[in-house]
Peer 1: 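This is the structure I want to talk about, given as structure tokens.
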Amino acid sequence: MVLESACYDVTIIGGGPAGLYSAFYSGMRDLKTKVIEYEEELGGKVNVYKEKTIWDVGGLPPTTGAQLISQLTDQAFTFQPTIVLGEQVIDIKKMDNGYFHITTNKNRDHYSKTIILATGYGILKQTKLNIPGAEKFETTNLYYAVKELGKFRGKDVVISGGGNSAVDWANELEPIAKSVTVVHRRDQFGGHEKFVARMRNSSIDILTPYAIDDLESSQDGTCCIENVTLKHCENEQCQFRKTDAVIVNHGYQPDLSFLDHNSIGLKVEERRLRTSNQMETDATGIFAAGDISNHSSSIPLIAGTFTDAALAVNAAKLYIHPDADRYARVSSHNDRFKSQ
Ligand SMILES: Cc1cc2nc3c(=O)[nH]c(=O)nc-3n(C[C@H](O)[C@H](O)[C@H](O)COP(=O)(O)OP(=O)(O)OC[C@H]3O[C@@H](n4cnc5c(N)ncnc54)[C@H](O)[C@@H]3O)c2cc1C
């Protein structure tokens with residue numbers, strides 16, 4: 001028997017942009033709210049690009065990832081939700097009274113009338129370089145994320161990868177590094193056309209179709225990479241680069257295993273959850289927002305998470321209180337702000 005006082009109206013799983021905005025919006029709708037996040041910090045994927053400039057959130061001047069996290073977190077705390085950090089949700093069950101029982105890897109139990117899944121593509125593990133012994137350089141000059149741009153000032157940097165991240169980091173580093181070489185298996189790059197064009201028209205040395213084949217350690221006993229061997233993917237000819245830092249952006253292997261084996265009817269298709277345009281999943285009482293949600297208008301960008309979050313919270317409100325207003329009122333008319 002679960003005490004009503006231990007039960008939340010809404011439990012949001014994931015503390016990235018979708019989860020943080022859901023927490024704010026849920027407070028606006030006067031719902032008792034909890035956020036459960038696996039990492040020890042809020043912000044979701046934005047934590048991997050804290051120093052990158054984000055240009056495409058409406059109404060915000062170009063903002064760093066760190067600033068965006070700070071502002072989203074402040075906003076999420078407006079109505080004092082309960083925040084649980086460092087816990088991975090591993091199971092969700094529906095109880096006889098219709099409430100949800102959520103279990104985490106810390107053997108803790110959480111109870112909720114509704115759930116908003118804001119897990120992104122899941123817990124992210126970076127795809128590592130497939131070269132024996134590469135891991136020993138991770139404490140020196142092999143990077144899977146750029147947390148501090150200043151570290152690369154005046155350095156010869158090799159970036160491996162051809163997606164958004166590789167292109168963005170190449171452009172961000174070009175003005176401050178001594179040299180930037182981008183190595184990619186294909187001739188085509190992902191990301192916004194404008195940023196790919198900027199990379200191609202800069203001093204960045206682009207090598208395609210090449211891949212890193214070997215890392216050579218320095219002789220001074222510091223366990224740093226000093227040279228990289230780059231192999232042509234078709235004719236296998238090699239090029240060599242002296243380097244101070246290697247950045248690898250080969251994407252992520254996401255862990256969404258708790259949804260793969262769920263007993264409540266959630267359907268995962270290509271690592272995303274099928275949702276209606278009101279953010280309902282296939283399991284009644286469970287809604288989704290952000291990158292995890294797959295609906296006809298979904299867009300895997302920060303701006304898209306905000307609309308999803310508002311829709312998911314409104315749907316959760318109606319699920320608990322069918323007579324409630326369908327939408328929250330304009331924020332300046334919202335009763336909750338009269339006391340702020
Ligand atoms: C390098 C890079 C650059 C980007 N640049 C931009 C940009 O410039 N502009 C833009 O609009 N978008 C950008 N994006 C995309 C943007 O970051 C995502 O669209 C956004 O973060 C999605 O937010 P989300 O809350 O849905 O998911 P996420 O940010 O992925 O957050 C999900 C959270 O859920 C947690 N979680 C997952 N599973 C569990 C579990 N079982 N239990 C507990 N917690 C769990 C995760 O730890 C994570 O913190 C970029 C993405 C990357 C990778």
Side-chain angles (χ1 to χ4, degrees), residues 11-23 34-58 60 62-65 68-69 72-73 76 83-92 102-106 108 110 115-127 144-147 159 161 163-172 190-192 194-195 247 249-252 254-262 266 268 271-273 275 279 288-294 298-309 312:
T11 297
I12 298 158
I13 304 176
L20 290 171
Y21 194 68
S22 297
K34 181 185 273 185
V35 177
I36 305 176
E37 166 57 50
Y38 164 72
E39 302 286 353
E40 292 293 346
E41 54 186 358
L42 294 167
K45 276 199 281 294
V46 185
N47 280 300
V48 303
Y49 55 95
K50 276 184 175 160
E51 291 208 5
K52 188 178 91 97
T53 305
I54 299 168
W55 298 82
D56 53 352
V57 178
L60 271 191
T63 304
T64 63
L68 186 75
I69 293 174
L72 280 170
T73 304
I83 305 281
V84 178
L85 294 176
E87 287 191 36
Q88 177 180 3
V89 169
I90 53 170
D91 195 25
I92 300 173
I102 301 161
T103 320
T104 71
N105 61 340
K106 300 278 167 74
R108 296 217 181 93
H110 303 269
I115 292 175
I116 295 179
L117 289 166
T119 55
Y121 304 125
I123 291 164
L124 297 178
K125 303 249 179 321
Q126 261 130 350
T127 305
Y144 288 97
V146 176
K147 301 222 160 149
I159 298 176
N164 261 324
S165 306
V167 172
D168 286 350
W169 288 127
N171 284 327
E172 296 260 0
H192 293 297
K194 186 102 189 155
F195 298 129
I247 301 170
N249 290 131
H250 290 179
Y252 299 91
D255 174 2
L256 260 183
S257 46
F258 85 101
L259 290 182
D260 290 341
H261 313 296
N262 75 83
L266 289 166
V268 183
R271 303 198 321 246
R272 297 169 74 204
L273 273 180
T275 43
M279 300 298 134
D291 283 357
I292 179 74
S293 63
N294 191 5
S298 53
I299 176 167
L301 289 174
I302 294 159
T305 69
F306 302 150
T307 310
D308 285 1

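Whatever order the structure lists ligands and atoms in, that order sets their numbers, starting from 1.
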Peer 1: Just which atoms of ligand 1 are under 4.0 Å from any heavy atom in Pro300?
Peer 2: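 Once the distances to Pro300 are compared, the set is 15 (C), 19 (O).
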
Peer 1: Which of the numbered atoms in ligand 1 are under 4.0 angstrom from any heavy atom belonging to Gly14?
Peer 2: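 It comes down to these atoms of ligand 1: 33 (C), 34 (O), 35 (C).
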
Peer 1: Within a strict 4.5 Å, meaning less than it, do heavy atoms of the Leu60 and Ile54 side chains meet?
Peer 2: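 Leu60 does not reach Ile54 side chain to side chain.
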
Peer 1: Within a distance under 4.0 Å of any heavy atom of Gln88, pick out the atoms of ligand 1 and give their elements.
Peer 2: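 Contacts of ligand 1 toward Gln88, numbered from 1: 41 (N), 42 (N).
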
Peer 1: Starting from atom 25 (O) of ligand 1, locate the nearest protein heavy atom and write down its residue, its atom name and how far away it is, to 0.1 Å.
Peer 2: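 Going by distance alone, atom 25 (O) of ligand 1 is nearest to Ala18 N, 2.9 Å.
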
Peer 1: Within the 4.5 Å heavy-atom criterion, are Ser293 and Leu273 side-chain neighbours or not?
Peer 2: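 Ser293 vs Leu273: side chains apart.
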
Peer 1: Which residue holds the protein heavy atom closest to atom 27 (O) of ligand 1, what is that atom called, and what is the gap in Å?
Peer 2: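 Closest protein heavy atom to atom 27 (O) of ligand 1: Gly120 CA, 3.4 Å.
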
Peer 1: With atom 23 (O) of ligand 1 as the reference point, say which of Pro17, Gly290, Gly16 has the nearest heavy atom.
Peer 2: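 When every heavy atom of Pro17, Gly290, Gly16 is considered, Pro17 comes closest to atom 23 (O) of ligand 1.
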
Peer 1: Kindly identify the option in Val89, Asn249, Asn105 whose heavy atom sits closest to atom 40 (C) of ligand 1.
Peer 2: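 Comparing heavy atoms across Val89, Asn249, Asn105, the nearest one to atom 40 (C) of ligand 1 lies in Val89.
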
Peer 1: Any donor and acceptor pair, going by atom type alone, linking the side chain of Ser298 with main-chain N or O of Asn294 inside 3.5 Å?
Peer 2: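 No.
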
Peer 1: Quick check on contacts: which atoms of ligand 1 are under 4.0 angstrom from a heavy atom of Asp56?
Peer 2: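 Per the distance check, 7 (C), 8 (O), 9 (N), 10 (C), 11 (O).
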
Peer 1: Report the member of Ile123, Leu68, Leu256 with the shortest heavy-atom distance to atom 39 (C) of ligand 1.
Peer 2: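 Looking at heavy atoms only, the winner is Ile123.
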
Peer 1: Is there a donor-acceptor pair closer than 3.5 Å between any side-chain N or O of Thr127 and the backbone N or O of Gly251?
Peer 2: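 At least one qualifying donor-acceptor pair exists.
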
Peer 1: Within the distance-only criterion (no hydrogens, no angle test), does the side chain of Gln126 pair as donor or acceptor with the backbone N or O of Tyr144 below 3.5 angstrom?
Peer 2: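 Yes; judged by distance alone, with no hydrogens or angles, the pair exists.
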
Peer 1: Donor-acceptor pair, Asp168 side chain versus Ser165 backbone, under 3.5 Å?
Peer 2: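 No.
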
Peer 1: Look at atom 48 (C) of ligand 1 and say which protein heavy atom is nearest, naming residue and atom and giving the distance to 0.1 Å.
Peer 2: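 I find the closest protein heavy atom is Glu37 OE1, 3.5 Å.
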
Peer 1: Hey, is Leu301 touching ligand 1 through its side chain, its backbone, both or neither, going by heavy atoms under 4.0 Å?
Peer 2: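 Within the 4.0 Å criterion, Leu301 contacts ligand 1 through backbone and side-chain atoms alike.
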
Peer 1: Flag the pair Thr64 / Glu51 as yes when at least one side-chain heavy-atom distance between them is below 4.5 Å, and no otherwise.
Peer 2: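 Heavy-atom side-chain distance check fails, nothing below 4.5 Å.
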
Peer 1: Which of the numbered atoms in ligand 1 are under 4.0 angstrom from any heavy atom belonging to Ala118?
Peer 2: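 Numbered from 1, ligand 1 contributes 32 (C), 33 (C), 34 (O).
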
Peer 1: What's the shortest distance from atom 26 (O) of ligand 1 to any protein heavy atom, and which residue and atom give it?
Peer 2: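 The closest heavy atom on the protein side is Asp291 N, 2.9 Å.
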
Peer 1: Using a strict 4.0 Å cut-off to heavy atoms of Gly44, name the atoms of ligand 1 that fall inside it.
Peer 2: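 Atoms satisfying the 4.0 Å criterion: 29 (O), 31 (O), 48 (C), 49 (O).
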
Peer 1: Does an N or O from Ile302, backbone or side chain, lie closer than 3.5 Å to an N or O of ligand 1?
Peer 2: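 Among all N and O atoms of Ile302, at least one is under 3.5 Å from an N or O of ligand 1.
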
Peer 1: Considering non-hydrogen atoms of the protein only, which is the closest contact for atom 37 (C) of ligand 1, and what is the distance?
Peer 2: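 The closest heavy atom on the protein side is Thr119 O, 3.4 Å.
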
Peer 1: Of Glu39, Glu87, Lys52, which has the heavy atom at the shortest distance from atom 8 (O) of ligand 1?
Peer 2: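 Nearest option to atom 8 (O) of ligand 1, by heavy atoms: Lys52.
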
Peer 1: Please examine the side chains of Thr119 and Tyr38, heavy atoms only from C-beta on, and report whether any two atoms are closer than 4.5 Å.
Peer 2: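 In short, these two side chains do not touch, never coming nearer than 4.5 Å.
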
Peer 1: Please compare Tyr121, Tyr49, Phe306, Trp169 and report which has the shortest non-hydrogen distance to atom 15 (C) of ligand 1.
Peer 2: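 Heavy atom nearest to atom 15 (C) of ligand 1 belongs to Tyr49.
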
Peer 1: Does Thr305 reach ligand 1, in the sense of a heavy atom lying below 4.0 Å from it?
Peer 2: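 It does, in that a heavy atom of Thr305 comes within the 4.0 Å cut-off of ligand 1.
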
Peer 1: I'd like to know if the side chain of Gln88 and the backbone of Phe258 have a donor-acceptor N/O pair within less than 3.5 Å.
Peer 2: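 Between the backbone of Phe258 and the side chain of Gln88 there is no qualifying donor-acceptor contact (under 3.5 Å).
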
Peer 1: Check whether any side-chain N or O of Asn171 sits under 3.5 Å from a backbone N or O of Phe195 as a donor-acceptor pair, and report yes or no.
Peer 2: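 Indeed, once roles are kept as given, a pair shorter than 3.5 Å links the two residues.
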
Peer 1: Report the nearest protein non-hydrogen atom to atom 30 (O) of ligand 1: residue, atom name, distance rounded to 0.1 Å.
Peer 2: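 Going by distance alone, atom 30 (O) of ligand 1 is nearest to Lys45 NZ, 2.9 Å.
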
Peer 1: In terms of atom number and element, which parts of ligand 1 are under 4.0 angstrom from non-hydrogen atoms of Phe258?
Peer 2: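 Contacts of ligand 1 toward Phe258, numbered from 1: 41 (N).
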
Peer 1: Under the side chain to side chain contact (heavy atoms under 4.5 Å, CB included) rule, what do Asn47 and Glu39 come out as? Steps first, then yes or no, please.
Peer 2: CA-CA 10 Å; Asn47 280 300; Glu39 302 286 353; over 6 Å; no

Peer 1: Measure the distance from atom 44 (N) of ligand 1 to every protein heavy atom, then report the residue, atom name and distance (to 0.1 Å) of the closest one.
Peer 2: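 Answer, as residue, atom name and distance: Tyr38 N, 3.1 Å.
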
Peer 1: What protein heavy atom sits nearest atom 1 (C) of ligand 1, and how far off is it?
Peer 2: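 For atom 1 (C) of ligand 1, the nearest protein heavy atom is Ser165 OG, 2.9 Å.
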
Peer 1: Mind checking whether Leu259 and Ile292 have side chains closer than 4.5 Å, heavy atoms only?
Peer 2: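 Side chain of Leu259 against side chain of Ile292, heavy atoms only: contact under 4.5 Å found.
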
Peer 1: Checking salt bridge (charged side-chain N to carboxylate O under 4.0 Å, His left out) between Asp291 and each of Lys45, Arg271, Arg272, which is the one that passes?
Peer 2: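 Output: one option passes, namely Lys45.
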
Peer 1: Within the 4.5 Å heavy-atom criterion, are Leu72 and Phe306 side-chain neighbours or not?
Peer 2: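 Touching, per the 4.5 Å side-chain cut-off.
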
